[in-house]
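So the structure is just underneath, and the comments pick up after that.
Computed from a predicted model, the values in this text were never measured in an experiment. Numbers restart at 1 for each chain; the letters A, B, ... are given by sequence-line order, proteins then strands.
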Protein chains: 2
Amino acid sequence: MSSAITQVRFAKEAAGLPTADTWQYTHDALPALQEGEIAVKIHYVSVDPAMKGWISKKKSYIEPVELGEVMRGFGVAEVIESRSDFYQVGDFCTGFTGIQTHGIFDSRALRKIDPKLAPLTRFMGGLGMPGFTAYFGLLDIGKPKEGETVVVSSAAGAVGHVVCQIAKLKGCRVVGIAGGPEKCAYLSDELNVDATIDYKQGDIAGQLKAAAPEGIDVYFDAVGGETLDAVLMQMNRHARIIICGAITQYENIENPVGPGNYVQLLTQSCLMQGFTMRDYMHRAKEAFVDLLTWEHEGKIRFREHIVEGIDTFPEAVEMVYQGKNNGKLMIKLVD
Amino acid sequence: MSSAITQVRFAKEAAGLPTADTWQYTHDALPALQEGEIAVKIHYVSVDPAMKGWISKKKSYIEPVELGEVMRGFGVAEVIESRSDFYQVGDFCTGFTGIQTHGIFDSRALRKIDPKLAPLTRFMGGLGMPGFTAYFGLLDIGKPKEGETVVVSSAAGAVGHVVCQIAKLKGCRVVGIAGGPEKCAYLSDELNVDATIDYKQGDIAGQLKAAAPEGIDVYFDAVGGETLDAVLMQMNRHARIIICGAITQYENIENPVGPGNYVQLLTQSCLMQGFTMRDYMHRAKEAFVDLLTWEHEGKIRFREHIVEGIDTFPEAVEMVYQGKNNGKLMIKLVD
């Protein structure tokens, strides 16, 4: 097999957020398969806020990507050659494919998926990591009860828009925080959230008071910073904060600013719990089935933002950090 | 009844920590009892780090003490007159007696105690709020398992010295953080903790690495600030942080500094949980019985720091914030 591969490599450390200079494109031939391996053609790769963390040396849940390595990323791929009993040519799989057009993997490195269940893009979005993250973060940590107020940051994003819809399904009052009137309109009109906050309008604390007059019971946090501090001051007793990200802090990831109002955790007996999906991968099928059923029933609509071609990767990463994506951002690599 | 009362009132707001100017002493006669009330003579009052919070207007778990009001405080008191069926003269009780020599209370406002079970001072310390706080915070939130590493800040303090001993009882490796060689010697020699950190020596992160080479599983936090940030960087996966106080932040309580490394909660899937004893008052007897039994068995030794006379109150408050107390600080009001 001698397909040409295009790979995106981590080329240069970025003090702040990644830029075009952070990446280098290389082209190669696909190496020969060893026993137990598969060769895949990657159809979609996911662009995630976690990427800054993956190229940072700060202690994390996963080894950093080293300079010169292919950039880490989730993908959905099709098996084009197999020397594994687990895979046949034409099978599909997902996992850390890396940001590349093709790859060779140990057959156990990726997870087989059934493309008859849903469009391939779903496995990157609502029926993949972002959907599972929303599901377990909200339900397992947030434990929202009917009638409680759930506040969601990055509410129009890959995870947030799923959180909003699950919280509505559970009978909660949902307040979505997003940047700009279009995203807020999407939250109100398409997700039926009860109130929206446009953080670009400022005075997040004031907007929160108006949107959550009875206080906040659950906060799904992807942003940190001023929003987290404002929420902390308006938590009800025994409220739960799910730490899923801290996008406001990634630009200065070596010197992040913490929530000064964290002492409210004490005075209000609140929980702040972080997690990553590796805590829940053994239960991923629970989320998959529920989310798929909710989609079939019309109770959840997943939003996907698809750009085309591996060349768009640097720009796509910038889009994520600038909040320019609407829903789950992914790159389509094949026609 | 016309006993003379001395009362300590909140007289002047303090920008930073309370000083002598914060308080005013007043003298009065004890008013006549109404039906259902008791008059008490207060034997001991407790001096607590929470006091700065009680006189601050920042949203908290309890209404702030207003200017001119008698300062809030726990006490142990003896009933000297009763117009309640629940109390007889000579009974003892505890609760928010306020910082005063005598007081009139609704009979339901205080909790009866049995002075035959333990010395009166215990009900202010190891068999009172500080002991209960240690017990529930460590066991119910921290859930330490045998062999895990438990780090305790303010380890020689009212709560911390009990936390250290319970953690040792549970078979944990215990690292105590305190200020100065004497307190550290107390932790090593009398509480048998496995390692100590003198925060006054600086480089808390480096000292922590040496003291907890296998990482930290449980952190009992009474201080916040640099120590909390250092611990966050050394948490093991699924570690638990109990937020019991934030004494480093009380001096600037309106503008506290949060833990920048809180994002480690996400990467390490950790929990940060605050609480106050009102979450557990319905279970206080569980803690009381266990702690009392452990004391009888010689497994726990409670340390009490007793100063004498209500005149010492302003100085005693300063002692607490300067870490000059050894164990539970209380003021003896009667001979």
Side-chain angles (χ1 to χ4, degrees), chain A residues 49-50 52-54 56 58-62 133 136-137 141 215 221-225 228-229 232-235 237-250 252-280, chain B residues 49-50 52-54 56 58-62 133 136-137 141 215 221-225 228-229 232-235 237-250 252-280:
Chain A
K52 169 64 187 174
W54 294 341
S56 154
K58 185 142 185 170
K59 181 183 173 185
S60 186
Y61 59 101
I62 194 169
T133 299
F136 290 110
I141 299 175
D221 185 23
V223 301
L228 176 54
D229 260 329
L232 278 161
M233 290 311 294
Q234 298 183 40
M235 300 301 281
R237 197 159 165 231
H238 294 142
R240 293 79 70 193
I241 297 178
I242 303 123
I243 301 292
C244 174
I247 205 164
T248 61
Q249 303 305 311
Y250 294 166
N252 192 7
I253 203 164
E254 304 298 334
N255 292 295
V257 175
N261 294 332
Y262 84 101
V263 184
Q264 292 296 314
L265 297 179
L266 187 169
T267 55
Q268 295 296 101
S269 301
C270 296
L271 171 148
M272 184 183 272
Q273 164 93 53
F275 78 110
T276 58
M277 261 307 294
R278 67 176 179 163
D279 297 317
Y280 290 103
Chain B
K52 170 65 188 172
W54 294 341
S56 153
K58 185 143 185 168
K59 181 183 173 185
S60 188
Y61 58 100
I62 194 169
T133 299
F136 289 111
I141 300 175
D221 186 23
V223 300
L228 176 55
D229 261 328
L232 278 162
M233 290 312 293
Q234 298 183 41
M235 299 302 281
R237 198 161 163 229
H238 294 143
R240 291 80 71 195
I241 297 178
I242 303 124
I243 301 291
C244 173
I247 204 165
T248 61
Q249 303 305 312
Y250 295 166
N252 192 7
I253 204 164
E254 304 298 334
N255 293 294
V257 175
N261 294 331
Y262 84 100
V263 183
Q264 292 296 313
L265 297 179
L266 187 169
T267 56
Q268 295 296 102
S269 301
C270 296
L271 172 147
M272 185 183 271
Q273 165 95 52
F275 78 110
T276 58
M277 262 307 294
R278 66 176 179 163
D279 298 317
Y280 290 103

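Put simply, of A/Gly245, A/Gly224, A/Ser269, the one with the most heavy-atom pairs under 4.5 Å next to chain B is A/Ser269.
Atom SG of A/Cys270 is separated from atom CD of B/Gln273 by 8.0 Å, given to the nearest 0.5 angstrom.
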Only distances under 3.5 Å count here; give the side-chain donor-acceptor pairs of residues 256-263 of chain A to other protein atoms, sequence neighbours excluded, each with its distance to 0.1 Å.
residue	atom	partner	partner atom	Å
A/Asn261	OD1	B/Lys58	NZ	3.0
A/Asn261	ND2	A/Asp229	O	3.0

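Of all the heavy atoms in A/Arg278 and B/Thr267, the pair that sits closest is NH2-O, 3.7 Å. In this structure, B/Leu266 and A/Ile243 approach most closely via the heavy-atom pair CG-O, 3.7 Å. Closest heavy-atom contact between B/His238 and A/Asp279: NE2-OD1, 2.7 Å.
Within the 4.5 angstrom heavy-atom criterion, no atom of B/Leu232 approaches chain A. Contact annotation for B/Met277: neither backbone nor side-chain heavy atoms come within less than 4.5 Å of a heavy atom of chain A. Contacts between A/Asn252 and chain B at a heavy-atom distance below 4.5 Å are absent for every atom of the residue.
Annotation: salt bridge (Lys or Arg N to Asp or Glu O under 4.0 Å) contacts involving residues 238-249 of chain A, sequence neighbours excluded, comprise A/Glu148-A/Arg240.
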